[in-house]
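First comes the structure, then the notes that go with it.
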2 protein chains.
Amino acid sequence: MTADPQDEGSPAPRKRVTSADVARVSGVSRATVSYVLNNAPGRVISESTRELVLSTAQRLGHVPYAPARTLRLGKSNIVLALVRDFAFGFVSHRVLRELDTALAARGFVVLAHRFDESLRPLSDLWGLISPNVVVAMGGLTVPEQAIIEDSHAKFVRSHGIVPQDRAGEMQVEYLYSRGHRVLGYAMADSPAVQLVAEERLAGARRACARLGIPDPIVETVSVDNPVTVFPALDRWAAAEPKVTAVCAHNDEVAIMVCTGLASRGLVPGKDLAVIGIDNIPMARIALTTIEMDVEAYSKAVIAAVLAAIDDKPQPDPAGDYLHLIVRDSA
Amino acid sequence: MTADPQDEGSPAPRKRVTSADVARVSGVSRATVSYVLNNAPGRVISESTRELVLSTAQRLGHVPYAPARTLRLGKSNIVLALVRDFAFGFVSHRVLRELDTALAARGFVVLAHRFDESLRPLSDLWGLISPNVVVAMGGLTVPEQAIIEDSHAKFVRSHGIVPQDRAGEMQVEYLYSRGHRVLGYAMADSPAVQLVAEERLAGARRACARLGIPDPIVETVSVDNPVTVFPALDRWAAAEPKVTAVCAHNDEVAIMVCTGLASRGLVPGKDLAVIGIDNIPMARIALTTIEMDVEAYSKAVIAAVLAAIDDKPQPDPAGDYLHLIVRDSA
DNA sequence: TTGTAGGCGTTATCAA
DNA sequence: TTGATAACGCCTACAA
């Protein structure tokens with residue numbers, strides 16, 4: 001918030017300093033300025049001219065104007081990351097940070113956009129911003145994918161790199177190996193993670209079927225409203241036979257379950273086994289979890305985006321992204 | 001990640017459908033197309049022409065091209081939110097979401113950019129993206145502010161709306177009123193919140209001085225590494241006289257302190273009083289805190305951004321954003 | 001009610 | 001080694 005009284009109503013929107021201004025003042029042509037400013041490959045510019053142009057550009061305070069450049073070139077240096085919510089979880093945040101760092105080195109900028117079809121159709125976005133690459137963090141519906149593919153931007157899906165269903169399977173497999181036969185499943189309710197949540201649950205169900213134990217008893221827990229864990233705990237305890245272990249959608253939900261247990265004087269891993277997914281920092285005290293290898297995941301996303309930028313075929317995302325980490329809670 | 005084999009190396013970057021194409025196919029002028037597409041105010045277009053243009057635009061798959069529009073208009077419909085890290089806390093995320101919703105209704109798009117001077121000088125950003133308004137989430141250094149003010153974008157600081165130091169004061173005042181005289185202070189170590197953290201601590205110190213009690217004993221806790229709470233707890237316990245209450249930088253840190261206590265068999269609010277700031281959902285079970293009124297805060301930010309867009313003077317941010325909420329922990 | 005024409009800032013092409 | 005020119009797609013004053 002601008003508290004300075006003098007810049008209120010700012011009446012003087014400084015005229016833009018164009019490369020033509022720089023050319024005029026330097027006494028050279030616009031083309032020459034462009035060559036210098038872009039280190040035009042295959043062009044030889046005399047050192048004196050180069051320095052002259054650079055110094056006047058500096059002196060006049062010239063900043064290249066992105067829209068003009070993009071219009072001329074037909075493509076921008078923008079990577080648009082589509083997110084369902086700005087607060088979208090430890091792993092995705094980390095991936096985005098790594099992506100941002102890697103792309104800054106290539107002269108690209110990563111911008112995050114929270115998309116919400118009910119707010120504005122995705123297709124209207126292209127009239128507002130013209131990204132070179134669109135990278136979807138998290139799952140996308142089929143129509144959403146179609147709209148992005150219809151745009152002129154290249155399209156990278158981060159979803160699909162890590163087999164989410166496999167994470168659910170691994171949770172069940174571990175709990176089974178520890179003797180648990182009646183499982184609960186703590187779903188997250190946030191629409192932002194719905195697609196991922198469904199895949200994880202599907203994986204868990206598949207593992208149960210394969211191992212010959214009943215489907216997990218699914219309860220929904222709201223990350224925005226932690227007290228919702230209590231009714232879930234009640235129902236798992238009331239089940240017949242009683243639930244002895246719970247797969248949580250992720251570590252956050254798992255920690256909520258553990259906290260709920262603790263506040264009732266129960267001990268996670270003893271009175272009820274709890275296993276998460278992600279291995280977020282807060283989990284590292286006591287939570288058994290399926291670690292998401294953030295570094296490997298980030299590398300895969302970066303490779304995919306760089307390939308898209310360079311118009312190269314998408315790399316094979318196969319890799320080992322999931323690892324069991326056993327701690328106290330299960 | 002694009003698994004489809006057929007779109008690898010995509011050799012046919014479809015030619016862009018321009019408004020001129022729509023004009024040609026419709027058999028009208030480019031101007032008419034523009035009038036129809038923009039609902040040009042003060043222009044009357046016959047219903048038949050309008051429908052013709054709209055339908056051919058649709059049929060040809062015309063999407064307006066943002067850079068050309070921006071170049072012509074001299075301004076974009078982009079609001080750039082500057083963040084120190086994509087994972088930047090409950091309150092800021094909520095504010096950004098509200099801002100996003102409000103601006104979508106005005107035909108603007110909110111894009112979040114993680115800025116990191118060591119990665120890329122802020123000034124280079126304007127060659128990549130040309131926002132109409134820049135809104136800084138969280139504090140900014142003086143040179144950073146200067147660079148933004150030198151750009152052609154309008155500039156809104158969300159920092160400064162809420163008096164962060166007052167939050168620190170309120171923590172101390174409450175703990176004092178409950179009889180505490182020897183306080184600890186749990187700082188967050190993240191550089192993303194450094195400026196805010198310093199203001200809150202300064203407020204706490206000022207309140208201590210005013211009330212005639214010693215400065216709080218400051219310990220740093222790492223949000224990314226929860227075990228750092230333990231040495232902090234040790235030092236507060238070892239102080240002479242012993243620390244009886246702790247102000248935490250925010251609820252997250254406060255919860256870490258409470259969790260650390262619990263894991264030692266101690267009870268927050270009994271063995272050590274703990275007070276947070278923000279009132280995040282997870283705090284709502286048992287944490288005493290200074291609530292940050294997200295709705296009021298969001299409204300203030302939205303008002304500031306809208307004023308900037310409309311070139312109106314910045315509104316007065318004064319308001320009542322902070323409220324004490326007493327629960328079990330202090 | 002619709003069309004014509006010019007220009008926004010940049011860069012690539014071609015000529016000098 | 002440098003300069004003139006055209007074009008990217010869109011919008012709008014002015015003319016018809």
Side-chain angles (χ1 to χ4, degrees), chain A residues 13-53 57 60-77 107 126-130 132 151-152, chain B residues 13-54 56-57 60-77 107 126-130 132 151-152:
Chain A
R14 284 180 317 305
K15 191 92 189 68
R16 194 153 237 129
V17 178
T18 74
S19 65
D21 294 328
V22 177
R24 197 168 23 72
V25 174
S26 304
V28 301
S29 77
R30 279 148 65 219
T32 305
V33 172
S34 179
Y35 297 147
V36 173
L37 260 34
N38 298 304
N39 281 315
R43 281 286 167 177
V44 194
I45 302 285
S46 72
E47 198 48 41
S48 60
T49 308
R50 151 170 269 105
E51 279 180 14
L52 172 64
V53 169
L60 301 185
H62 168 71
V63 265
Y65 189 48
R69 183 174 222 274
T70 300
L71 176 59
R72 175 64 236 228
L73 259 30
K75 62 186 180 190
S76 72
N77 277 231
W126 317 131
L128 300 172
I129 177 85
S130 180
N132 189 312
S151 85
H152 287 260
Chain B
R14 284 180 317 303
K15 191 89 188 73
R16 192 149 240 135
V17 178
T18 74
S19 65
D21 294 328
V22 177
R24 195 168 25 71
V25 174
S26 304
V28 301
S29 77
R30 280 148 62 220
T32 305
V33 172
S34 179
Y35 294 146
V36 172
L37 260 35
N38 299 305
N39 281 315
R43 280 285 167 177
V44 193
I45 302 284
S46 71
E47 198 48 41
S48 61
T49 309
R50 150 171 269 102
E51 278 180 15
L52 171 65
V53 170
L54 252 22
T56 52
L60 300 186
H62 168 71
V63 263
Y65 190 47
R69 182 172 223 275
T70 300
L71 177 59
R72 175 63 238 239
L73 260 31
K75 61 184 184 195
S76 71
N77 277 233
W126 316 133
L128 301 172
I129 177 85
S130 180
N132 188 313
S151 84
H152 288 260

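In the text below, chain A, chain B and the rest are named by the order of the sequence lines, each starting its count at 1.
For the segment residues 29-37 of chain B, residues with any heavy atom less than 4.0 angstrom from an atom of DNA chain D are, sorted by number, Arg30(B), Ala31(B), Ser34(B), Tyr35(B).
Side-chain proximity of Ser19(B) to dC10(D), dG9(C), dG3(D): nearest is dC10(D).
Following rounding to the nearest Å, Ile129(B) (CD1) and dG9(C) (P) show an atom-to-atom distance of 18 Å. The NZ-C1' distance, from Lys75(A) to dT11(C), rounds to 13 Å in whole Å. In this structure, CG of Asp21(B) is placed 8 Å from P of dG9(D), rounded to the nearest angstrom. What separates CG of Leu71(B) from P of dC8(D) is a distance of 14 Å, to the nearest Å. Atom CG of Asn39(B) is separated from atom C1' of dC10(D) by 16 Å (rounded to the nearest Å). One atom, CZ of Arg50(A), and another, P of dT2(D), lie 10 Å apart when rounded to the nearest Å. Between Arg24(A) atom CZ and dG3(D) atom P there is a gap of 14 Å when expressed in whole angstrom units. The distance from atom CG of Asn77(A) to atom C1' of dT10(C) is 14 Å, rounded to the nearest whole Å.
Residues Ser46(B) and Ala68(B) each lie close to DNA chain C; by heavy-atom proximity, the contact nearer the 5' end of the strand is made by Ser46(B).
Residue contacts shown for Thr49(B) are limited to sugar-phosphate atoms, with no base heavy atom under 4.0 Å away. Heavy atoms of Pro67(B) sit nowhere under 4.0 angstrom from any nucleic acid atom.
Side chain of Asn38(A) to backbone of Tyr35(A): no donor-acceptor contact under 3.5 angstrom is found. Judged by distance alone, the side chain of Thr70(B) and the main-chain N or O of Ala66(B) form a donor-acceptor pair under 3.5 Å. Panel note: side chain Asn132(B), backbone Ser76(B); a donor-acceptor pair is recorded below 3.5 Å.
A donor-acceptor contact under 3.5 Å is not formed by the side chain of Arg72(A) with the base of dT10(C).
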Under the side chain to side chain contact (heavy atoms under 4.5 Å, CB included) criterion, do His62(A) and Leu37(A) qualify, and how do the steps go?
CA-CA 10 Å; His62(A) 168 71; Leu37(A) 260 34; 3.7 Å; yes
Side chain to side chain contact (heavy atoms under 4.5 Å, CB included) for Ile129(A) and Ile129(B)? Distances and angles first, verdict last.
CA-CA 9 Å; Ile129(A) 177 85; Ile129(B) 177 85; 3.7 Å; yes
Mind running side chain to side chain contact (heavy atoms under 4.5 Å, CB included) on Thr49(B) and Ser46(B) for me, showing each step along the way?
CA-CA 5 Å; Thr49(B) 309; Ser46(B) 71; 2.6 Å; yes
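Residue His152(B) has no polar side-chain atom (N or O) positioned under 4.0 Å from OP1 or OP2 of dC8(C). In this structure, Arg16(A) does not reach the dG9(C) phosphate: none of its side-chain N or O atoms is under 4.0 Å from OP1 or OP2.
In this structure Thr56(B) satisfies the side-chain contact (heavy atoms from CB on, under 4.5 Å) test together with Val22(B), Val25(B), Ser26(B), Leu52(B), Arg59(B), sequence neighbours excluded.
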